[in-house]
Amino acid sequence: MESLVSASLLGCDLADLKGEIKSIENAGADWLHCDVMDGMFVNNISFGTPVIKCIKKAASVPLDTHLMIDDPIRYVDDYASIGSDNITFHLEAAADPQAVIDRIHSHGISAGISIKPATPVSEIKPYLDKIELVLVMTVDPGFGGQKFIPDTLEKISEIRYLLDSMGRENVYIQVDGGVNDKTVKFCREAGANVMVSGSYVFGAEDRDAAVKSLKI
Ligand code: DX5
Ligand code: ZN
């Protein structure tokens, strides 16, 4: 199966959110990636529930919420109730990751865990049989438009190997940061199958071609 594309709205023209959502859906984006940043876990503040509520109203495809916030369990109920179809939190930000997973699942939606480039796979291993998605950050989280870090590819292969050996081939491996028509090939080869992209797809003159180039 070809990869899914989750378009990161952080990279769009936020003054024309509705138009940008329609444009990127028409270009073939499978999910809309919503980056929530709290200025604590990462050095940036993006948007929160009021904006995502509006995104949900305008969207026809699933909402893929990426929480880059400290102590994420505090906000799981809020982001679930405004219509996230999956919620991904950072392993580094959670005191009790299992409790966060359970809280996400209690809303009947999928749970994802993300790791930063410096976090080893061994730390996420105990949770691989409990979640539906693993997000391997391919840049340090916080800003769009950064350069892909190739060292992260080995972690993707390692996670894919572990998932396969557990019989959990259906778990998505998502990559986020610096994904474009060149870096996508390495991600796919390593075993990723959900490509998050902000600046590449929204910055492209031909968005149809850009989204298509990520579906390998
Ligand atoms: C970065 C965010 C990303 C970001 C990706 O911390 O998690 O989703 O928007 O942007 P690009 O595709 O421009 O690297
Ligand atoms: Zn993201």
Side-chain angles (χ1 to χ4, degrees), residues 3-14 17 20-21 23-24 27-48 51-52 55 59 61-70 72 75 79 84-93 110-119 131 133-153 155-156 172-188 192-205 207 209-216:
S3 299
L4 299 177
V5 173
S6 190
S8 169
L9 294 171
L10 198 63
C12 82
D13 175 3
L14 290 168
L17 206 38
E20 291 286 68
I21 289 169
S23 154
I24 212 67
D30 301 286
W31 298 351
L32 296 176
H33 185 83
C34 300
D35 288 300
V36 180
M37 303 178 180
D38 66 352
M40 298 294 286
F41 180 69
V42 293
N43 287 332
N44 198 6
I45 297 177
S46 57
F47 46 75
V51 173
I52 298 181
I55 294 172
V61 300
L63 289 200
D64 171 35
T65 297
H66 178 194
L67 296 181
M68 284 165 276
I69 63 175
D70 270 340
Y75 287 100
Y79 286 92
S84 300
D85 293 274
N86 59 268
I87 295 182
T88 298
F89 65 97
H90 271 266
L91 185 68
E92 303 90 354
S110 302
I113 298 188
S114 181
I115 51 173
K116 296 203 259 190
T119 303
I131 53 182
L133 182 148
V134 179
L135 167 51
V136 178
M137 287 304 300
T138 43
V139 299
D140 281 308
F143 297 88
Q146 300 183 77
K147 208 169 160 263
F148 184 85
I149 301 173
D151 284 357
T152 56
L153 291 167
K155 294 203 299 183
I156 300 168
Y172 289 119
I173 300 184
Q174 187 176 61
V175 283
D176 185 5
V179 177
N180 57 35
D181 56 341
K182 304 194 176 53
T183 54
V184 70
K185 297 190 182 70
F186 306 117
C187 296
R188 181 67 198 201
N193 55 3
V194 184
M195 312 302 174
V196 176
S197 173
S199 50
Y200 172 64
V201 291
F202 283 106
E205 249 171 61
R207 289 181 175 178
V211 171
K212 201 161 172 216
S213 74
L214 302 181
K215 294 195 177 200
I216 57 170

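Numbering of ligands and ligand atoms starts at 1, following listing order.
- Among the heteroatoms counted here (N, O or S) of Asp35, OD1 is the one nearest to the Zn ion (ligand 2).
- The heavy atom nearest to atom 3 (C) of ligand 1, considering only Leu9, Val175, Val42, Asp176, is found in Asp176.
- Take the Zn ion (ligand 2) as the corner point: the lines to NE2 of His33 and to ND1 of His66 open at 100°, to the nearest 10 degrees.
- Between Asp140 and ligand 1, no pair of N/O atoms sits closer than 3.5 Å.
- Ser3 has its side chain out of reach of Leu214: every pair of non-hydrogen atoms, C-beta onward, lies at least 4.5 Å apart.
- Residue contacts with ligand 1, taken as heavy atom pairs separated by less than 4.0 Å, involve Ser199 via backbone and side-chain atoms alike.
- Annotation: the span from Asp38 atom CG to Asn43 atom CG amounts to 10.0 Å, rounded to 0.5 Å.
- Both tests hold for Lys116 against Phe41: distance to the six-membered ring centre under 6.0 Å, angle to the ring axis within 45°.
- Tested against Ser8, the residues Asp176, Asp64, Asp35 include a single side-chain hydrogen bond (donor to acceptor under 3.5 Å, both in side chains) partner, Asp35.
- Residue Val179 places every heavy atom at 4.0 Å or more from ligand 1.
- Looking at Asp176 and the Zn ion (ligand 2) together, the shortest N, O or S contact belongs to OD2.
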**Message:** Between His33 and Gln174, is the side-chain contact (heavy atoms from CB on, under 4.5 Å) condition met? List the steps.
**Reply:** CA-CA 11 Å; His33 185 83; Gln174 187 176 61; 4.2 Å; yes
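- Heavy-atom distances between Asp35 and ligand 1 reach below 4.0 Å in at least one pair.
- A heavy-atom distance below 4.5 Å is found between the side chains of Lys215 and Asp30.
- Residue Leu10 places no N or O, backbone or side chain, under 3.5 Å from any N or O of ligand 1.
- Annotation: Tyr200 places no N or O atom under 3.5 Å from an N or O atom of ligand 1; distance criterion only.
- Side-chain contact between Trp31 and Asn86 is present, with at least one heavy-atom pair separated by less than 4.5 Å.
- With atom 12 (O) of ligand 1 as the reference point, the heavy atom nearest to it among Gly198, Gly144, Gly203 is part of Gly198.
- A heavy-atom separation below 4.0 Å is found between Gly145 and ligand 1.
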